[in-house]
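See below for the structure under consideration.
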Amino acid sequence: MALHNLNLLPYFLLPLISLLSNHILPAQALTAPSDISALKAFKASIKASSIPPWSCLASWDFTTDPCALPRRTHFTCGLTCSPDSTRVTQITLDPAAYSGTLTPLISQLTQLSTLDLSENSFSGPIPSSISSLSKLQSLTLRSNSFSGSLPPSITNLKSLESLDISHNFLSGFLPNAMNSLPNLRRLDLSFNKLAGSLPKLPPNLLELALKRNSLSGSVPKSAFTGLIQLEVVELSENSFSGTLQSWFFLLPSLQQVDLANNSLTGVEIPKPAGNGGGKLVAVDLGFNRIEGYPPVNFAGYPVLSSLSLRYNRLRGRIPLEYGRKKSLKRLYLDGNFLIGQPPAGLVTGSVSGSLGDNCLQACPASSNLCLPSQKPNAICKQAYGGRKGKGKPRS
């Protein structure tokens, strides 16, 4: 009789059937020995004093097989195994302030698809042996104290889709072979100490975040060539210089750009390409050294809703097209040397932001957009060579 037809059996036979089922399908220790030794080394590399009794790691008791079921009292969290209970596929630790290092023996977990140690206190280098994790799709080491360089071997992780090592102490240069990560969609190395220039980036990238590092040089076209899916670029608080050229804004999927707090001296804004007219939603180029006039072509991007060019060296008048742009909701042009009257559509419309700290005339005090107040007249005349409205502001 089939065991699954329990509803047809007399009630008094059910305990016997249950006993037979347990005899047929006993809990077994199936986890690969190499995975067990890697897990033991992983836990041993973490200071015992930093493992709270209520934490995931505290439940890792190797008197029990890590993947055996049921796991009611041991390995209760932080670990996921394959359906056949033979291999560890995920390590996702809780943010319990664990401190220690990441053991090179992590490389033995060759079926690992997710490694997430975020919001802890791991330190030391990222082991180059991590390149052995050929199935790894998501690597998250965010908000720890990892130091040293990003190991070049990390570019061997061909299955990697998401890499987040932000908020650490990484230094050195980005690996030259970053573009050899064919499946990488999200890269976040923000808030580190990385230096040098941008190498050629992974071809299928959607999001790039390298905020608050020490990257320098121009924003090179070679790094972005072929990135037709790139939507988000966050490169603020670095030392990028020179002119941000027109090819950048012609990246076909680009939506959000943050290059604030750099040393850019120029920007070329082309008219949007294609029938879609560009997908730009938000652009922040504030706190640079950009000279020239406010780029009128920004008004041609149909869904642009937020634009910041604050605290640069812009001169001339605010384009009338800015005042007519229906999609624009936030505009920051404060801290420049702009002259003339602001477009009526800005000061009477629903746009928020600031036009203050410029050389504008008749910016109504009743408009919050006109705060803070304009520069003193003497500074404006000096910036325009003694005649406000003429020439180019002095550096």
Exercise. Are any non-hydrogen side-chain atoms of L139 and D164 less than 4.5 angstrom apart?
Worked result: no
For this session: Could you tell me the separation between the NZ atom of K271 and the OG atom of S246, rounded to the nearest 0.5 Å?
Result: 13.0 Å
Exercise. Does F224 reach the side chain of L201, with side-chain heavy atoms less than 4.5 Å apart?
Worked result: yes
Exercise. If only atom types and distance count, is the side chain of S367 paired as donor or acceptor with the main-chain N or O of P364 below 3.5 Å?
Worked result: no
Exercise. If we only count heavy atoms from C-beta on, is the L174 to L189 side-chain gap below 4.5 Å?
Worked result: yes
For this session: Check the side chains of T265 and R313 for a donor-acceptor pair under 3.5 angstrom, ignoring hydrogens and angles.
Result: no
Problem set entry | L227 with L184, same ILVMFWY side-chain cluster at under 4.5 Å | yes
Problem set entry | Side-chain heavy atoms of I91 within contact of L109, under 4.5 Å | yes
Exercise. Do D65 and T31 get their side chains close enough for a donor-acceptor pair, meaning under 3.5 Å?
Worked result: yes
Exercise. Run the side chain to side chain contact (heavy atoms under 4.5 Å, CB included) check on S118 and S143 step by step: do they pass?
Worked result: CA-CA 6 Å; S118 58; S143 297; 5.7 Å; no
Exercise. Can any side-chain N or O of N312 pair as donor or acceptor with the backbone N or O of R289 at less than 3.5 Å?
Worked result: yes
Exercise. Rounded to the nearest 0.5 Å, what separation is found between the CG atom of N156 and the OG atom of S134?
Worked result: 10.5 Å
Exercise. Nearest heavy-atom pair of L355 and P342: which atoms, and what distance?
Worked result: CD1-CB, 3.7 Å
For this session: Decide yes or no for F42 and L105: does some side-chain heavy atom of the first lie under 4.5 Å from some side-chain heavy atom of the second?
Result: no
Problem set entry | From I36, V88, T89, residue fulfilling side chain to side chain contact (heavy atoms under 4.5 Å, CB included) relative to C67 | V88
Problem set entry | For the student: nearest non-hydrogen atoms of S121 and N144, plus distance | N-OD1, 3.1 Å
Exercise. Got a donor-acceptor contact below 3.5 angstrom from the N120 side chain to the A97 backbone?
Worked result: yes
Exercise. Do side-chain atoms of S149 reach the backbone of P151 as a donor and acceptor pair under 3.5 angstrom?
Worked result: no
Exercise. At what distance, to the nearest 0.5 angstrom, does CG of N297 lie from CD of E321?
Worked result: 9.0 Å
For this session: Answer yes if the side chains of K135 and Q111 hold a donor-acceptor pair under 3.5 Å, and no otherwise.
Result: yes
Problem set entry | Straight-line distance of D35 CG to R87 CZ, nearest 0.5 Å | 4.0 Å
For this session: Would you tell me whether S306 and R330 have side-chain atoms, one donor and one acceptor, within less than 3.5 Å of each other?
Result: yes
Problem set entry | Closest contact, heavy atoms only, P199 versus A223 | O-CB, 3.2 Å
Exercise. Same cluster or not: are L264 and F287 linked, directly or through other Ile, Leu, Val, Met, Phe, Trp or Tyr residues, by side-chain heavy atoms under 4.5 angstrom apart?
Worked result: no
Exercise. Do F191 and F240 belong to the same hydrophobic cluster, where Ile, Leu, Val, Met, Phe, Trp and Tyr are linked whenever their side-chain heavy atoms lie under 4.5 Å apart, directly or via other members?
Worked result: no
Exercise. Cationic tip of K193 within the cone over F169's six-membered ring, i.e. under 6.0 Å and within 45° of the normal?
Worked result: no
Problem set entry | Cluster link W60 to L117, ILVMFWY, side chain under 4.5 Å | yes
Problem set entry | S37/Q108 under side chain to side chain donor-acceptor pair (under 3.5 Å): CA gap, chis, key distance, verdict | CA-CA 8 Å; S37 65; Q108 294 180 186; 2.8 Å; yes
Exercise. Got a donor-acceptor contact below 3.5 angstrom from the S354 side chain to the L371 backbone?
Worked result: yes
Problem set entry | Check: L333 main-chain N/O paired with N358 side-chain donor or acceptor under 3.5 Å | yes
Exercise. To the nearest 0.5 Å, what is the distance between CG (N288) and OG (S241)?
Worked result: 10.0 Å
Exercise. Side chain to side chain contact (heavy atoms under 4.5 Å, CB included) between V281 and Y301: does it pass, once the steps are laid out?
Worked result: CA-CA 8 Å; V281 174; Y301 289 82; over 6 Å; no
Exercise. Counting only N and O atoms by type, is there a donor-acceptor contact under 3.5 Å from the side chain of N168 to the main-chain atoms of N192?
Worked result: no
Exercise. Are the charged groups of E237 and K211 less than 4.0 angstrom apart, N to O?
Worked result: no
Exercise. Does the side chain to side chain donor-acceptor pair (under 3.5 Å) test come out yes or no for D116 and T114, once each step is laid out?
Worked result: CA-CA 6 Å; D116 186 347; T114 298; over 6 Å; no
Exercise. SG of C359 to CD1 of I339: how many Å apart, nearest 0.5 Å?
Worked result: 8.0 Å
Problem set entry | Pair E161-N183, side-chain donor/acceptor within less than 3.5 Å | no
Exercise. With distance as the sole criterion, is a donor-acceptor pair present between the side chains of T63 and D61 under 3.5 Å?
Worked result: yes
For this session: Taking the side chain as every heavy atom from C-beta outward, state whether L30 and D84 have any pair of such atoms under 4.5 Å apart.
Result: no
For this session: List the steps and the verdict of side chain to side chain contact (heavy atoms under 4.5 Å, CB included) for C370 and V347.
Result: CA-CA 8 Å; C370 294; V347 295; 4.2 Å; yes
Exercise. Where do L69 and S85 come nearest, in terms of heavy atoms and distance?
Worked result: CD1-OG, 4.3 Å
Problem set entry | side chain to side chain contact (heavy atoms under 4.5 Å, CB included) between D258 and L235, intermediate numbers included | CA-CA 6 Å; D258 186 357; L235 298 175; over 6 Å; no
For this session: Decide yes or no for L170 and I126: does some side-chain heavy atom of the first lie under 4.5 Å from some side-chain heavy atom of the second?
Result: yes
Exercise. Any luck finding a side-chain donor-acceptor pair between R315 and Y293 under 3.5 Å?
Worked result: yes
Seminar exercise, completed: Correct closest heavy-atom pair for S153 and S128 would be OG-O, 2.8 Å
For this session: Give a yes or no answer on whether the side chain of N336 reaches the backbone of L309 with a donor-acceptor pair at less than 3.5 Å.
Result: yes
Exercise. Do the side chain of Y384 and the main chain of I379 share a donor and acceptor less than 3.5 angstrom apart?
Worked result: no
For this session: Might you point out which heavy atoms bring K43 and F62 nearest each other, and give the distance in Å?
Result: CD-CE1, 4.2 Å
Problem set entry | Y311 and D357: side chain donor to acceptor below 3.5 Å | yes
For this session: Compare all side-chain heavy atoms of S190 with those of R212 and state whether any distance is below 4.5 angstrom.
Result: no
Exercise. Do the side chains of L280 and L251 join up, straight or via other hydrophobic residues, at under 4.5 Å, putting them in one cluster?
Worked result: yes
Table please: side-chain donor-acceptor pairs of residues 49-58 below 3.5 Å, with sequence neighbours left out.
| from | atom 1 | to | atom 2 | distance (Å) |
| --- | --- | --- | --- | --- |
| S50 | OG | K47 | O | 2.7 |
| S50 | OG | S99 | N | 3.0 |
| S50 | OG | S99 | O | 3.4 |
| S55 | OG | P52 | O | 2.7 |
| S55 | OG | A58 | N | 3.4 |
| S55 | OG | Y98 | OH | 3.3 |

Problem set entry | Donor-acceptor side-chain pairing of Q229 and R185 below 3.5 angstrom | yes
Exercise. With no hydrogens and no angle check, do the side chains of S59 and T76 hold a donor and an acceptor under 3.5 Å apart?
Worked result: yes
